[in-house]
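Report on the following structure.
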Amino acid sequence: MFKELVERDVTCLKMSRTILSRKLRVACSFLVDNLIIDAGAPYFKKQLKSYYTNKPPQQAVFTHSHEDHAGNVDMLNMLNIIPYVHENALAYFSAPPPIPYYRRFVWGTPAAGRCQKIGDILKTDKYAFQIIPTPGHSTDHICLYEEKMGWLFTGDLYVGERVIYLYQNEDLFSIKESLRKLSELNFSSIFCSHRGPVAEGRDSLKRKLDHIESLQENANRMKNNGADLKKITTALLGKEDYMYVISRGEFSKTAFVKALLNTD
Ligand SMILES: [Zn+2]
């Protein structure tokens, strides 16, 4: 699946593998005034290259180094673009470390390539994006804020209002801090690298933070009443499911509840 959506001046390319007519997880690449914001998964490299060859971008930025956002750095280098990234991401691109099989299956294998350190502002002909460091999902995560237009490109910080799973190496404390920082900005539209444009972006982002805080209160109350991790996880989020199995525990409800309880 490879679909183009245009909202105002933002083109959103939505892509996902389809297995037995079921869509796997969607990733998005945005094109705004000749700037690429995230460049999709390696599985779609050929289609992206032909799309971007027809509409040549001038610049690119990755919200973070994960393969579904930055795995096509080689393709951008071939188009004479050196993408901007947070300085914590620079080392990753000289030799991306191996990723688990389920991620290779969904996204493909990330390429090595050249990137450059981003500054505080990224300008295009028409727009000026403020670069907001937003660690938590990863240490190299940034969001892009265009104040005049009220746009916020959130990478993987938003993704959905109701968190169910967490990656083992995500930092929930920093995710909450980053969400708080963003909620103070004056934006109206969210562009999420998995959902695309999000309706009621500002309210959705606040509801996400509220949801995490209310789960955290409930988890701690249950813990104080003597419940163990498994019982709390099942009560708040249901039993572990296929995601736990497929990811071999890398992406799980238990990791989320552990983080809520601050036990890890
Ligand atoms: Zn990510």
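Numbering of ligands and ligand atoms starts at 1, following listing order. Remember, it's a predicted structure, so these values are computed and weren't measured experimentally.
- The backbone N or O of Ala255 sits less than 3.5 Å from a side-chain atom of Ser252, completing a donor-acceptor pair.
- Around the Zn ion (ligand 1), the protein contributes the following N, O or S atoms at distances under 2.8 Å: His64 NE2, His66 ND1, His137 NE2, Asp156 OD2.
- In this structure, Arg25 places its CZ atom where more than 12 heavy-atom neighbours from other residues, nucleotides or ligands lie under 6.0 Å away.
- Residues meeting the salt bridge (charged side-chain N to carboxylate O under 4.0 Å, His left out) test with Glu200, sequence neighbours left out: Arg207.
- Here the rule is side-chain contact (heavy atoms from CB on, under 4.5 Å) with Phe256, and of Ile164, Thr233, Leu237 only Leu237 fits it.
- Sorted by first then second residue, the side-chain hydrogen bond (donor to acceptor under 3.5 Å, both in side chains) pairs that include residues 75-94, not counting sequence neighbours, number zero.
- Residues meeting the side chain to side chain contact (heavy atoms under 4.5 Å, CB included) test with Thr124, sequence neighbours left out: Asp33, Leu35, Gln59, Tyr127, Phe129.
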